[in-house]
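Let me begin by presenting the structure, written as structure tokens, before commenting on it.
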Amino acid sequence: MNDDLTVLTALVLASTPVGEYDRRVVLLTRERGKIACFARGARRSGSSLMAVSLPFCFGTYRIREGRNSNVLVEAKLQTFFEKLRNDMEATCFASYFAEVLQYITRENNDESALLLLTFQSFRALESDRIPRRLVRAVFEIRTTVIEGEFLPPLQADGFSAPALQAVDHIVSSPIRTLYTFAVKDSVLLELEHIAQVSMKRSLNHDFESLEILRVLTS
């Protein structure tokens, strides 16, 4: 065991080619917030870093920290989220979630709540029990709650009682039990509107993956 390695519980948010054989990997970690590192030789055939440096992988990552850059040395996967790679619609939703996290998270911040939210959201995307549009609305609302930017809607604003009950569940439930409810289509439309307004107010950012998702689901 290398004592100079930093051990992190992490989810791969992004992975981009660098040079001929390497990858630059962005991790969202429980211990250190968002961290970027290089996976040397990860694109070589047979590399032990090939699979673990792909987006949406979750596990234990060991990195060597340097003054100018970090290097991924090894990793042990716990969850591969294979369906998020093989289903185009699921891939687009997951890519959007990951892009949001890349935008709002920071190094050395406590991002453990967002990490757990994303893990549970990815699991929900792989499930057939909950519509992916609902997963997105839940993810967006709870993200703005975690960021301290969410303003609860009111029945006086024209929202139905079932929609407000759903929002209360999203805001106050433990993250592990977020995706345990269903709503009618009319309520889903209300939740999508609430989520859209909240994201616009909180982040006001144009996400590239969201544009692709809109085309795919339109």
Side-chain angles (χ1 to χ4, degrees), residues 1-82 84-85 91-122 125 139-140 142-144 146-149 175 199 202-213:
M1 187 71 65
N2 295 311
D3 293 336
D4 61 337
L5 298 184
T6 301
V7 182
L8 304 168
T9 301
L11 175 71
V12 179
L13 297 180
S15 179
T16 54
V18 175
E20 189 173 359
Y21 296 111
D22 302 339
R23 285 188 176 277
R24 181 181 182 273
V25 180
V26 179
L27 303 173
L28 181 61
T29 76
R30 180 182 298 161
E31 299 82 2
R32 298 282 297 278
K34 181 176 65 178
I35 285 184
C37 57
F38 289 97
R40 307 295 187 190
R43 297 164 62 206
R44 291 182 184 273
S45 177
S47 170
S48 61
L49 299 180
M50 180 178 289
V52 300
S53 61
L54 295 176
F56 316 143
C57 288
F58 177 83
T60 303
Y61 285 73
R62 299 179 183 275
I63 67 171
R64 179 172 288 110
E65 297 184 87
R67 179 173 300 177
N68 299 317
S69 62
N70 304 313
V71 176
L72 175 60
V73 176
E74 59 184 357
K76 182 178 180 181
L77 291 186
Q78 297 179 24
T79 307
F80 191 65
F81 289 113
E82 184 175 2
L84 299 187
R85 263 174 274 277
T91 299
C92 289
F93 275 98
S95 296
Y96 167 57
F97 294 174
E99 189 180 357
V100 169
L101 291 172
Q102 286 192 78
Y103 181 72
I104 65 176
T105 56
R106 298 291 182 268
E107 187 172 352
N108 293 321
N109 274 10
D110 181 3
E111 310 288 8
S112 56
L114 286 172
L115 176 62
L116 179 57
L117 173 63
T118 309
F119 181 87
Q120 295 297 333
S121 299
F122 281 2
L125 286 177
F139 172 84
E140 290 176 334
R142 189 60 178 252
T143 293
T144 57
I146 293 171
E147 292 296 287
E149 300 287 346
I175 292 176
M199 289 290 285
S202 174
L203 304 184
N204 194 26
H205 180 77
D206 294 324
F207 295 100
E208 292 183 10
S209 54
L210 184 55
E211 294 303 317
I212 300 174
L213 183 60

Does the side chain of Ser15 reach to within under 4.5 Å of the side chain of Arg24, using non-hydrogen atoms?
-> no
Which heavy atom of [X] sits nearest a heavy atom of [Y], and at what distance?
{"X": "Gly19", "Y": "Arg43", "answer": "O-NH1, 2.8 Å"}
{"X": "Ala98", "Y": "Leu13", "answer": "CB-O, 3.6 Å"}
{"X": "Ser112", "Y": "Asp110", "answer": "OG-OD1, 2.7 Å"}

Taking the six-membered ring of Phe38 as reference, does the NZ or CZ atom of Arg40 fall below 6.0 Å from its centre and within a 45° cone about the axis?
-> yes
Between [atom1] of [X] and [atom2] of [Y], what distance do you get to the nearest 0.5 Å?
{"X": "Glu74", "Y": "Arg64", "atom1": "CD", "atom2": "CZ", "value": "9.5 Å"}
{"X": "Cys92", "Y": "Ile212", "atom1": "SG", "atom2": "CD1", "value": "6.0 Å"}
{"X": "Leu28", "Y": "Leu116", "atom1": "CG", "atom2": "CG", "value": "11.0 Å"}
{"X": "Arg62", "Y": "Leu72", "atom1": "CZ", "atom2": "CG", "value": "11.5 Å"}
{"X": "Ile63", "Y": "Ile35", "atom1": "CD1", "atom2": "CD1", "value": "4.5 Å"}
{"X": "Leu117", "Y": "Glu140", "atom1": "CG", "atom2": "CD", "value": "11.0 Å"}

Determine, step by step, whether Val12 and Leu27 satisfy the side chain to side chain contact (heavy atoms under 4.5 Å, CB included) criterion, reporting the C-alpha distance in whole Å, the side-chain angles of both residues, the deciding distance to 0.1 Å, and the verdict.
-> CA-CA 5 Å; Val12 179; Leu27 303 173; 3.7 Å; yes
Results of ring pair (Phe, Tyr, Trp, His ring centres under 6.0 Å) for Phe207 - residues two or more places apart only = Tyr96, Tyr103, His205
Verdict with reasoning, Leu125 to Phe97, per side chain to side chain contact (heavy atoms under 4.5 Å, CB included) | CA-CA 11 Å; Leu125 286 177; Phe97 294 174; 3.8 Å; yes
Using side-chain contact (heavy atoms from CB on, under 4.5 Å) as the criterion, list what pairs up with Glu208, not counting sequence neighbours.
->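 Glu208 satisfies side-chain contact (heavy atoms from CB on, under 4.5 Å) with Glu99 once adjacent residues are dropped.
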Non-neighbouring partners of Ala113 that pass side-chain contact (heavy atoms from CB on, under 4.5 Å), sequence neighbours left out =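 Listed in chain order: Ile146, Ile175.
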By salt bridge (Lys or Arg N to Asp or Glu O under 4.0 Å), which residues pair with Glu111, not counting sequence neighbours?
-> none
Can I get a per-line list of side-chain donor-acceptor pairs under 3.5 Å for residues 48-61, giving both atom names and the distance, sequence neighbours left out?
from  : atom 1 : to    : atom 2 : distance (Å)
Ser53 : OG     : Leu49 : O      : 2.7
Ser53 : OG     : Met50 : O      : 3.1
Tyr61 : OH     : Val52 : O      : 2.6

Qualifying side chain to side chain donor-acceptor pair (under 3.5 Å) pairs, either residue in residues 27-38, two or more places apart | Thr9-Glu31, Arg32-Glu65, Arg32-Asn108
Please walk me through it: do Ile104 and Val100 pass side chain to side chain contact (heavy atoms under 4.5 Å, CB included)?
-> CA-CA 6 Å; Ile104 65 176; Val100 169; 4.2 Å; yes
Would you please indicate yes or no on a ring centroid separation below 6.0 angstrom for Phe119 and Phe81?
-> yes
